[in-house]
Number of protein chains: 4
Amino acid sequence: MRKETGLVIAKGTSDAAAGAPRRGRPRSVETTHAILESAYTLMAATGLAATTIDAVARHSNVSKMTIYKWWPSREALLIDAFLHHAAQMLPLPPTSAGTQAARARRHAAAYAEALQGEFGKVQLAVISECISKTGSAELFYARYLQFRRDALVEMIASGQRDGSIQADAPAEDLYDAIYGSLFYRYVFGIAPITPAYARSLVDLVLRPKG
Amino acid sequence: MRKETGLVIAKGTSDAAAGAPRRGRPRSVETTHAILESAYTLMAATGLAATTIDAVARHSNVSKMTIYKWWPSREALLIDAFLHHAAQMLPLPPTSAGTQAARARRHAAAYAEALQGEFGKVQLAVISECISKTGSAELFYARYLQFRRDALVEMIASGQRDGSIQADAPAEDLYDAIYGSLFYRYVFGIAPITPAYARSLVDLVLRPKG
Amino acid sequence: MRKETGLVIAKGTSDAAAGAPRRGRPRSVETTHAILESAYTLMAATGLAATTIDAVARHSNVSKMTIYKWWPSREALLIDAFLHHAAQMLPLPPTSAGTQAARARRHAAAYAEALQGEFGKVQLAVISECISKTGSAELFYARYLQFRRDALVEMIASGQRDGSIQADAPAEDLYDAIYGSLFYRYVFGIAPITPAYARSLVDLVLRPKG
Amino acid sequence: MRKETGLVIAKGTSDAAAGAPRRGRPRSVETTHAILESAYTLMAATGLAATTIDAVARHSNVSKMTIYKWWPSREALLIDAFLHHAAQMLPLPPTSAGTQAARARRHAAAYAEALQGEFGKVQLAVISECISKTGSAELFYARYLQFRRDALVEMIASGQRDGSIQADAPAEDLYDAIYGSLFYRYVFGIAPITPAYARSLVDLVLRPKG
DNA sequence: AGTTAAGCGAGACGGTACGTCTCGTCTTTTA
DNA sequence: TAAAAGACGAGACGTACCGTCTCGCTTAACT
C-alpha cells in the first residue's frame with residue numbers, strides 16, 4: 001500500500017522516510033504540518049486571495065524562509081495543502097456492492113455532496129490559482145484528478161463490457177459528460193449541485209439497464 | 001431599444017448614448033476604447049497576472065484614476081475587455097439552415113475551434129480571475145454566458161419538441177453535459193478540444209434522429 | 001482713503017470698478033468674496049495643508065476653473081485671503097497720543113496679542129506656504145509686511161530725532177530686533193508671546209528716556 | 001554615554017550600537033546613510049517640494065517601504081537629513097579665545113555666513129515644512145535649535161556675570177533679539193545677512209564693554 | 001565531548017502593484 | 001462670455017505581498 005500517491009511537491013518529505021539518514025538537523029515534521037494546516041485553514045476561512053505566503057507564515061508561526069525553502073511557489077503549497085486534507089475526504093471510487101452503474105451513481109452523489117461544503121470551495125480556489133499562474137489546471141489534474149478519473153473511467157468501461165451500462169461512447173467521454181456537467185454548474189453557480197441531480201445525470205449519460 | 005446586451009459594467013457608457021445631454025465634459029470614447037483594447041491586448045500577450053491596472057494605464061496612456069473611475073475592480077475591467085472583443089468573435093448561435101441538432105453541432109464545433117486560439121486562453125484567465133476574487137465565476141456567467149446558454153437551451157428544447165432531438169432530459173442538463181465536457185477538458189488540459197470531438201459529443205448527448 | 005493698498009494679486013478686480021464697461025458677462029463680485037472667505041475660513045479651521053484649491057472650490061460652491069482663472073497659484077490665493085481679513089484686523093501703527101516710544105510699545109503689545117489668536121496661526125501658515133513654493137517669504141513681505149515695517153521704522157527714527165528713544169543704531173535694526181524676536185519665539189514655540197514680553201522687549205531695544 | 005545629542009528620530013539607530021545583539025538581519029547602515037544623503041541632496045538641489053518620499057527612494061535606490069519603516073513621516077526624514085549634514089557644518093559655539101562677547105560675535109558671524117549658502121536654504125525649507133504639517137516649527141526647535149540656543153544663552157549669561165556684557169536683560173531675550181533679527185531678515189529677504197551685520201547686531205544688543 | 005551541517009525564526013530589504021488623493025488643464029453645457 | 005460641471009493625465013501617497021538575503025540560535029549526526 002502506498003502512503004503517498006506521489007502528489008507531494010515539497011522536496012525532502014519522502015527522502016526523510018527513505019534510506020540515508022541525512023546529516024544535520026532533520027526537517028521538523030510539526031513545522032511541515034503546521035504550514036499545510038494553516039494554508040488549508042486560511043483557504044477555507046478567508047478565501048484564496050487572502051492566503052498569501054505571509055499570511056500562512058503568520059498563522060503557523062513559521063518563518064517565510066522555511067516555507068520558501070520547501071515549496072517553490074504559492075500554487076505548489078496550495079495544492080499540497082489541499083491534497084493533505086482532501087486525500088482522506090474524497091476517497092477513491094468505492095469497491096462496494098451493486099452494479100458498476102450503481103457505484104458510479106453513488107460516487108457522483110458523494111462528489112456532489114462534497115462540492116457543497118468547504119471542500120468545493122477550496123478545490124475551486126486551488127484550481128483557479130493553478131490557472132492564474134500557469135494558464136491551465138494541468139498541474140492539479142496531474143496531481144489529483146487523473147488518478148480518480150482513470151479509476152472511474154475503468155469502472156464505466158467495465159460496466160459497458162458487462163452490459164449494465166448501455167451508452168456506447170468512449171468511457172472517457174461519458175465520464176467527462178458527468179463530471180464536466182457538475183464542475184460547469186459549480187463554477188458558474190448555475191444551480192446548487194445536489195446529489196439528486198448528480199444521480200439523474202449519471203442515468204442520463206450512462207443509460208444503465210433497467 | 002438598447003444596443004448592448006447588458007454586459008457592460010462600466011458606469012455611464014450606456015447613459016451617454018441615451019437621452020439627457022449631461023453637463024460638464026463628456027466622457028471620452030477614445031479613452032474608454034484605449035483602456036479596453038489595452039487590457040485585452042495585455043491579457044492575450046503577457047498573461048493575466050501581468051495585466052495589472054498599472055500596466056493597462058501605462059499601455060493605454062491613460063491615468064489610473066480614469067480607470068478606477070469607471071471600473072470598480074480589476075475583474076470588472078477584464079470582463080469588459082473580454083466582452084468587448086468576444087462579442088463579435090463568438091456570435092450567438094446561428095439561425096442558419098438545418099435541423100436544430102445540426103445547428104447545435106455547428107455551434108459546438110465553432111466553440112471548440114475558438115477555444116483553441118487566443119480566445120480560449122483569455123476566457124479562461126478571466127474566469128479564473130473571477131474565481132480568485134469572488135469565489136466563483138458567477139459574475140462571468142451573468143455577464144456573458146447566461147445569455148448564450150439560454151439561447152442554446154431554447155434551441156435544444158425546440159429540437160426536442162419537433163422530434164429532431166431524441167434525448168428527453170431537461171434541455172439545460174443536455175446543454176451542460178455538452179459544454180461542461182468541453183470546458184472540463186479544456187481547463188484540465190485532458191485533450192485538445194477538436195471540432196470533431198465537439199460534434200461527436202453533441203451526438204452522444206442529444207441523440208439526434210437519423 | 002484707499003480701499004485696497006495694492007495688495008491684491010487677482011486680476012480684474014479693480015477693472016470691474018474702474019472705467020470701461022467690459023463685454024460679456026461681468027465678473028461676479030459675490031463669487032470673488034466667496035472664494036476669499038472660504039479660503040480664510042478653511043485656513044483657520046482646518047489648517048493650511050487642508051486648504052487645497054479643490055477644498056476652497058467645494059466650500060465656496062465655485063468651480064475650480066474660476067479660481068484658477070483669477071489666481072495664478074495657491075499661495076497667491078492664500079495671501080489674498082489673508083489680506084482680505086487681516087487688513088482691518090491689525091491696523092497700521094496708531095497715530096494716537098504719547099511719545100514715539102510709548103506708541104511703539106503699544107503697537108508691539110497689540111501685535112503680540114494678535115499673534116496669540118487665529119491671526120497668528122493663519123499668518124504663519126501663509127508665510128510657510130510662500131517659503132515652500134518660492135524659497136522665501138519675500139512675496140509676503142512685499143505685499144503686507146513692508147508697508148507696516150516702513151511706517152514703524154519711521155516712527156522709531158522720529159523718536160530718535162526728538163530724543164525720546166536713546167538707542168542710536170539704525171532704526172531698521174531696532175525694528176528687526178523687536179519684531180524678529182517676537183517672530184522667532186512664535187515660530188519655534190519658545191514661549192507664549194505676551195503683551196508684557198513685547199513691552200519689555202521694546203524697552204530693552206529702544207531704551208526710551210525715563 | 002550617548003554620542004548622539006538626541007536629535008535622531010529614526011527608530012533603532014541608537015539601539016543597534018547599544019548592548020543586546022538583536023535577532024534577525026541587522027539594519028543596513030549603508031541604506032540609512034544613502035537615504036539621508038539622498039534626502040539632503042534632493043532638498044538642496046531640487047527644492048523641498050520635489051523632495052518626495054518617492055524621489056528619495058528613487059535617488060537612493062532604496063525601497064519606499066524601508067523609508068517608511070524607519071521614519072514616520074516626511075518631515076521626520078527631512079529633519080533627520082538636515083541634522084545629518086548640519087551637525088558638522090554648524091558646530092556648537094566655539095570655546096576658543098577671547099571674551100564671551102567676542103565669542104558671541106564670532107558665532108553670529110559664522111551663522112550669518114552659513115545662512116548665505118545652501119545651508120540657509122535647506123534649513124528654511126525644513127522649518128517651513130514643519131510649519132506646514134504641524135502648525136509650528138517646535139519639532140525643529142526641539143531637535144536642533146534648543147541645544148544650540150541653550151549653549152549660547154549660557155555663554156551670554158556668563159558674559160553678564162563677568163561684566164564683559166553690559167546689557168542687563170535676561171540672556172534669553174538677548175539671544176532672541178540677535179538671532180531673531182537674523183532669522184527675520186533672512187525669511188523675508190529684507191537684506192543680505194552679512195557677517196558684518198551680525199557683528200554689529202551683537203554689539204547693539206549685548207553692549208560689550210569697551 | 002566537540003565539531004559540523006542543516007533546520008529554523010526573526011527580520012531587513014528592493015521591487016512592484018495596490019487603490020486613493022490632489023493638482024492643474026481641458027472640454028462641454030447652461031445662464 | 002462667465003461660470004459650473006466634470007473628465008482627464010500626472011504623479012505622490014502609504015500599504016501589502018513577493019521573493020531574497022543575512023543573521024544567530026538550535027538540533028542531531030559524525031568525529
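Quick note: numbers below take in every heavy atom, side chains included, and nothing from hydrogens, waters or symmetry partners. Naming convention: chains lettered A, B, ... in sequence-line order (proteins, then strands); numbering from 1 in each chain.
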Between [X] (side chain) and [Y] (backbone), is there a donor-acceptor pair under 3.5 Å?
| X | Y | value |
| --- | --- | --- |
| C/Arg74 | C/Thr51 | yes |
| C/Lys121 | D/Gly135 | no |
| D/Lys64 | D/Asp54 | no |

Between C/Ser73 and B/Ala50, who's closer to the 5' end of DNA chain E by nearest nucleotide? B/Ala50
Can you tell me the distance, in whole Å, between the [atom1] atom of [X] and the [atom2] atom of [N]?
| X | N | atom1 | atom2 | answer |
| --- | --- | --- | --- | --- |
| D/Tyr68 | E/dG15 | OH | C1' | 15 Å |
| A/Leu77 | F/dC18 | CG | C1' | 14 Å |
| A/Ile67 | E/dA10 | CD1 | C1' | 14 Å |
| C/His59 | E/dT22 | NE2 | P | 16 Å |
| D/His33 | E/dC13 | NE2 | P | 13 Å |
| D/Glu75 | F/dC13 | CD | C1' | 13 Å |
| C/Leu48 | E/dC23 | CG | P | 11 Å |
| A/Glu30 | F/dT27 | CD | C1' | 12 Å |

With sugar-phosphate taken as primed atoms, P, OP1 and OP2 and all else as base, the protein-contact string of nucleotides 5-12 of chain F at under 4.0 Å (heavy atoms; B, S, -) is BBBSBBBS
All side-chain hydrogen bond (donor to acceptor under 3.5 Å, both in side chains) counterparts of C/Ser128, not counting sequence neighbours: D/Ser132
Do the side chains of B/Ile35 and B/Trp70 get nearer than 4.5 Å, heavy atoms only? no
So D/Leu42 and D/Leu48, do their side chains get closer than 4.5 Å, heavy atoms only? no
